[in-house]
Amino acid sequence: MILVTTAGKVGSEAVRLLRGRDVPVRVLVRDPAKVTALADAGAEVAEADLDVPASIDDAMAGVSAVVLVSPAVPAQELNVVRSAARAGVGHVVKATSKASADAPIARRRWQAEIEAGLAASGIPHTLLRSNAYMQNVLALAPAIAKTSSFGSSAGRGRSGLIDARDVAAVAAEIAAAPAGHAGQTYWLAGDRADV
Ligand SMILES: NC(=O)c1ccc[n+]([C@@H]2O[C@H](COP(=O)([O-])OP(=O)(O)OC[C@H]3O[C@@H](n4cnc5c(N)ncnc54)[C@H](OP(=O)(O)O)[C@@H]3O)[C@@H](O)[C@H]2O)c1
């Protein structure tokens with residue numbers, strides 16, 4: 001059984017892909033009403049909250065691999081790591097970004113804190129260190145509609161955005177067959193620097 005924490009952009013697609021391969025998968029969500037399509041595709045749905053360790057332990061029963069993807073609040077993801085360690089989970093695939101303990105950007109420091117906790121847990125794991133998701137651009141739609149433009153702090157820089165569904169495809173592949181991926185970090189990006 002593979003546990004996918006949360007059914008956001010990456011999690012929901014990972015669940016869909018795993019079910020497409022007939023892999024047993026459970027998705028951890030706060031609100032099961034939001035994931036009826038995943039349940040219809042054969043996913044088990046575990047109602048839980050990443051802030052509530054006992055609810056994570058319930059979702060972790062019988063799990064061999066975890067796809068760890070969430071808003072990446074350290075206390076929450078470290079709750080999952082500790083629960084996975086208690087349950088003897090064999091592999092964690094962690095969605096992360098360009099993490100660094102001294103980054104000026106808080107979310108990158110948070111990811112570094114989570115990665116350190118995951119390493120300290122001793123659970124075999126794989127890091128998906130992705131570039132920015134293409135779906136972020138959709139969040140600019142209201143500004144574009146209002147001003148016909150959008151702002152970014154990239155200067156003249158360009159980045160190879162990646163579709164969150166491609167991140168999900170990598171996560172699903174590794175979770176379904178983790179052999180050879182333990183201790184690996186994969187830098188996922190689009191194949192062109194467009195934006
Ligand atoms: N966006 C980027 O450009 C980018 C780039 C690289 C890496 N990443 C990494 O990707 C990860 C985010 O993945 P994503 O974009 O797929 O996430 P997302 O679409 O933002 O979805 C997050 C999900 O977390 C759920 N959630 C929030 N708090 C929860 C809680 N306390 N308990 C249970 N569920 C909870 C939300 O469900 P509700 O419906 O209940 O709110 C939501 O479905 C982060 O680690 C981020 O650093 C993102």
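Order of appearance sets the numbers: ligands from 1, and atoms from 1 within every ligand. Only heavy atoms go into these numbers, but all of them, side chains included; no hydrogens, no water, no symmetry mates.
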Which distance, rounded to the nearest 0.5 Å, do you find between the OH of Tyr186 and the CZ of Arg129?
13.0 Å
Atoms of ligand 1 close to Ser70 [distance to a heavy atom under 4.0 angstrom, numbered from 1]
11 (C), 12 (C), 44 (C), 45 (O)
Say you draw a straight line from OG1 of Thr6 to CD of Gln76; how long is it, rounded to the nearest 0.5 Å?
10.0 Å
Look only at interatomic distance and state if Leu50 has a nitrogen or oxygen under 3.5 Å from any nitrogen or oxygen of ligand 1.
yes
Distance (rounded to the nearest 0.5 Å) between Leu68 CG and Glu115 CD:
10.5 Å
Spatial distance of atom CD1 (Ile56) from atom CD (Glu77) [nearest 0.5 Å]:
10.0 Å
What about Lys94: any of its N or O atoms under 3.5 Å from an N or O on ligand 1?
no
Look at atom 10 (O) of ligand 1 and say which protein heavy atom is nearest, naming residue and atom and giving the distance to 0.1 Å.
Tyr133 OH, 3.0 Å
For atom 6 (C) of ligand 1, grab the closest protein heavy atom and report residue, atom and distance to one decimal in Å.
Ser130 O, 3.4 Å
Atoms in ligand 1 flagged as close to Val10, the criterion being non-hydrogen separation under 4.0 Å:
16 (O)
Tightest non-hydrogen contact, residues Met60 and Ala87, listed as CG-CB, 3.5 Å
Between the candidates Thr6, Asp31, Asp51, which shows the shortest non-hydrogen contact distance to atom 23 (C) of ligand 1?
Thr6
I need the minimum non-hydrogen distance between Val89 and Ser64, along with the two atoms involved.
CG1-O, 3.5 Å
What atoms of ligand 1 come within less than 4.0 Å of a heavy atom belonging to Ala132?
3 (O), 5 (C)
Distance from atom 21 (O) of ligand 1 to nearest protein heavy atom, with residue and atom
Gly8 CA, 3.3 Å
Where is the tightest heavy-atom contact between Glu47 and Arg30, given as atom of each residue plus distance?
CG-O, 3.6 Å
Out of Leu50, Ile114, Val10, Asn79, which one pairs with Ser70 under the side-chain contact (heavy atoms from CB on, under 4.5 Å) rule?
Leu50
Taking CG in Asp191 as the centre, count heavy atoms belonging to other residues, nucleotides or ligands within less than 6.0 Å. Is the count above 12?
no
Contact partition for Gln76 relative to ligand 1, non-hydrogen atoms under 4.0 Å:
side chain
For atom 37 (O) of ligand 1, which candidate among Arg30, Gln111, Lys9 provides the closest heavy atom?
Arg30
Pull out every atom of ligand 1 sitting under 4.0 Å from any heavy atom of Thr96, numbered as shown with elements.
6 (C), 7 (C)
Report yes or no: does a heavy atom of Val29 sit under 4.0 Å from some atom of ligand 1?
no
The atoms of ligand 1 lying under 4.0 Å from a heavy atom of Lys34, numbered in the order shown, are 38 (P), 39 (O)
So which bit of Asn131 gets within less than 4.0 Å of ligand 1, heavy atoms only: side chain, backbone, both or neither?
backbone
Do Gln111 and Lys98 have side-chain atoms, one donor and one acceptor, less than 3.5 Å apart?
no
Do you know which two heavy atoms are closest between Ala175 and Ala65, and how far apart they sit?
O-CB, 3.8 Å
Give the single entry among Val35, Val69, Asn136, Thr5 that approaches atom 13 (O) of ligand 1 most closely by any heavy atom.
Val69
Hey, which atoms in ligand 1 end up nearer than 4.0 Å to a heavy atom of Asp49?
30 (C), 31 (N), 32 (N)
Answer with yes or no whether the side chains of Ser83 and Asp57 bring together a donor and an acceptor at under 3.5 Å.
yes
Under 4.0 Å from ligand 1, counting heavy atoms only, is it the side chain of Ala164, its backbone, both or neither?
neither
Interfacing atoms of ligand 1 (cut-off 4.0 Å, heavy-atom, Ala95):
45 (O)
